[in-house]
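Only one structure is covered here, and it is reproduced in the block below.
Quick note on labels: first sequence line is chain A, next is B, and so on, each numbered from 1.
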Amino acid sequence: MDDELHERIRAVISDVPAGTVSTYGDIAALSGAPSPRMVGRVLAEDGHDLPWQRILRANGTPAPHLAHEQLARLRAEGVLADGQRVNLREYRWRPEGLEDKEPEGLF
DNA sequence: GCCTTGACGCGGC
DNA sequence: CGCCGCGCCAAGG
């Protein structure tokens, strides 16, 4: 796998501010990953030192096996979940300068 | 080089 | 809500 891309994915994730969340799809788009799966792969292998709790699935639900821990961490930084689901429209992170990273309107 | 596995996504029913 | 299928792509067997 391309180390360059690997680092870019990590960089984008670490840019997500506390109190906000993002999705695998967004991270993939912003980092240039070919597929959202790559984001999950990077987190699974090399995400221990990243704010992984801020990355949710497209529908606002967290990763199944870590759901409990993830939601607890988010709650601790002010992100409240409605059961298993976080309201993305309220907490989703909006990148600062997305003109230079993003192809076009993704929102 | 084929097959299986995932921290995934999306449209259909 | 839930279940299903299909697309996606790198890693490991």
Gap between atoms [atom1] and [atom2], on [X] and [N] respectively (whole Å):
X: A:Asp46; N: C:dA11; atom1: CG; atom2: C1'; answer: 15 Å
X: A:Arg73; N: B:dA7; atom1: CZ; atom2: P; answer: 17 Å
X: A:Arg57; N: B:dG6; atom1: CZ; atom2: C1'; answer: 12 Å
X: A:Arg54; N: B:dA7; atom1: CZ; atom2: P; answer: 22 Å
X: A:Asp82; N: C:dC1; atom1: CG; atom2: C1'; answer: 14 Å
X: A:Leu88; N: B:dG9; atom1: CG; atom2: P; answer: 10 Å
X: A:Trp52; N: B:dA7; atom1: CH2; atom2: P; answer: 13 Å
X: A:Met38; N: C:dC8; atom1: CE; atom2: P; answer: 15 Å

In terms of heavy-atom contacts, does NE2 of A:His68 have more than 12 from other residues, nucleotides or ligands at under 6.0 Å? no

Let's see if you can work this out: which of [options] has an atom nearest to the side-chain heavy atoms of [X]?
X: A:Ser35; options: B:dC10, C:dC8, B:dA7; result: C:dC8
X: A:Thr23; options: B:dA7, C:dC8, B:dG9; result: B:dG9
X: A:Leu43; options: B:dA7, C:dC9, B:dG9; result: B:dA7
X: A:Pro34; options: B:dG9, B:dG6, C:dC9; result: C:dC9
X: A:Ala44; options: B:dG9, B:dA7, C:dA10; result: B:dA7

Sequence neighbours excluded, which residues qualify as side-chain hydrogen bond (donor to acceptor under 3.5 Å, both in side chains) partners of A:Glu69?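 Checked A:Glu69 against side-chain hydrogen bond (donor to acceptor under 3.5 Å, both in side chains); matches are A:Arg73.
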
Sorted by position of nearest nucleotide on DNA chain C, 5' first, the leading residue of A:Glu45 and A:Pro36 is A:Pro36

Taking only side-chain N and O atoms of A:Arg85, does any of them lie within less than 4.0 angstrom of OP1 or OP2 on C:dC1? yes

From A:Ser22 OG over to A:Leu30 CG, what is the distance, rounded to the nearest 0.5 angstrom? 6.5 Å

Quick one: does any side-chain atom of A:Glu77 pair with a main-chain N or O of A:Gly19 as donor and acceptor, under 3.5 Å?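 Present.
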
Here's a test for you: under side chain to side chain contact (heavy atoms under 4.5 Å, CB included), which of A:Leu56, A:Leu80, A:Thr20 qualifies with A:Tyr91? A:Leu80

